[in-house]
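So that the names make sense, note that chain A is the first sequence line, chain B the second, and so on, each numbered from 1. All figures in this text were calculated on a predicted structure; none of them were measured in a lab.
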Number of protein chains: 2
Amino acid sequence: MTVKMDFDESAQMLKALAHPTRLHLLNLIREKHPCVRFMEESLGLAQPNISQHLSIMRQAGIVQAERDGNQVCYRIKNPRISRLLDILLD
Amino acid sequence: MTVKMDFDESAQMLKALAHPTRLHLLNLIREKHPCVRFMEESLGLAQPNISQHLSIMRQAGIVQAERDGNQVCYRIKNPRISRLLDILLD
DNA sequence: TATCGATATTCGAATGTATGAATATACAGA
DNA sequence: TCTGTATATTCATACATTCGAATATCGATA
């Protein structure tokens with residue numbers, strides 16, 4: 001029962017990671033703690049699209065937003081995620 | 001370019017992991033090197049459904065099938081996957 | 001408070017994924 | 001070779017995800 005629960009939670013987290021754009025964003029976020037504008041230029045994608053992906057990762061507890069005046073910057077929220085990214089992207 | 005490629009590949013691998021049934025199967029597979037019949041009974045799901053999930057993971061290079069007489073047993077193919085599962089499921 | 005730049009949300013169409021039901025294939029043993 | 005057990009594949013339908021376009025919100029500054 002509890003075990004099954006874990007699979008559900010883990011699967012949901014993985015689903016939120018399982019998109020090339022989101023991995024690309026995470027790779028930026030873990031290195032640079034960037035604001036949305038910066039991510040937009042780095043990836044060359046439309047702002048709403050980036051915001052949508054960030055929203056998915058926020059809801060999944062993967063990243064955390066921090067307002068800095070006019071802008072919003074992101075960081076990795078969960079240390080477990082950092083470890084996963086190390087394995088995935090290095 | 002190559003970097004973008006990596007995100008694509010990693011995302012595809014994650015997509016193949018991102019399902020509770022598949023995580024449950026992988027948890028069995030990494031511990032017991034089981035055949036399909038065993039997984040079927042352990043999870044209490046229909047055989048075609050299990051086979052479908054195994055097929056997805058085979059195609060993604062996550063698991064490897066080995067025929068043993070009448071049965072087919074599975075094992076984790078990629079050591080990177082083992083490390084991911086350690087982080088995810090422990 | 002009006003405006004502007006930055007970010008977020010909503011909606012709809014296209015595409016992708018999950019699952020049950022039916023069926024096919026593979027191998028072992030009679 | 002026929003039968004039975006184990007596993008894989010196909011198909012159809014329901015459901016979820018993706019992305020662009022349009023629009024809304026938020027905070028800073030004039």
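Within the 4.5 Å cutoff, the side chain of B/C35 has no heavy atoms near those of the B/V72 side chain. In this structure, B/L84 and B/L17 have side chains that are in contact, with non-hydrogen atoms separated by less than 4.5 Å.
Between the P atom of D/dA6 and the CG atom of B/L54 lies a distance of 16 Å, rounded to the nearest Å. Atom-to-atom, CD of A/Q12 to C1' of C/dT17 comes out at 16 Å; the value is rounded to the nearest Å. The nearest whole Å value for the distance from the CG atom in A/N49 to the C1' atom in C/dA14 is 15 Å. At whole-Å resolution of the value, CG in B/D8 and P in D/dT18 are 13 Å apart. In this structure, A/I50 atom CD1 and C/dA8 atom P are separated by 11 Å, rounded to whole Å. When the P atom of C/dT7 is taken as reference, atom CG of A/L45 falls 15 Å away, rounded to whole Å. Look at NZ on B/K15: it is 15 Å from P on C/dT15, rounded to the nearest Å. B/M57 places its CE atom 14 Å from the P atom of D/dT9, with the value rounded to the nearest Å.
Within the 4.0 Å cut-off from OP1 or OP2 of C/dT19, at least one side-chain nitrogen or oxygen of B/H19 is found.
Considering only the side chain of B/R58, D/dA8 comes nearest among C/dT9, D/dT18, D/dA8. Considering only side-chain atoms of B/R37, the nucleotide from C/dA18, D/dT9, D/dA6 that sits closest is D/dA6. Looking at the side chain of A/P48, the nearest of the listed nucleotides C/dG16, D/dT9, D/dA21 is D/dA21.
Between the base of C/dA6 and the side chain of A/Q47 there is no donor-acceptor pair shorter than 3.5 Å. In the interface, the side chain of A/Q52 is paired with the base of C/dT10 through a donor and an acceptor atom under 3.5 Å apart.
Non-hydrogen atoms lying under 4.0 Å from DNA chain C are contributed by B/R67, B/G69, B/N70, all within residues 66-77 of chain B.
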Pair B/R80, A/D86 - check salt bridge (Lys or Arg N to Asp or Glu O under 4.0 Å), show working.
CA-CA 11 Å; B/R80 200 195 219 178; A/D86 287 345; over 6 Å; no
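Under the 3.5 Å distance criterion, the side-chain polar atoms of A/S55 are left unmatched by any main-chain donor or acceptor of A/S51. With hydrogens and angles ignored, the 3.5 Å screen pairs no side-chain donor or acceptor of A/R58 with any backbone N or O of A/Q64.
Using a 4.0 Å cut-off between a side-chain N of Lys or Arg and a carboxylate O of Asp or Glu, B/K15 and B/D8 do not qualify as a salt bridge.
The two residues A/Y74 and A/L54 have their closest heavy-atom pair at CE1-CD1, 3.7 Å.
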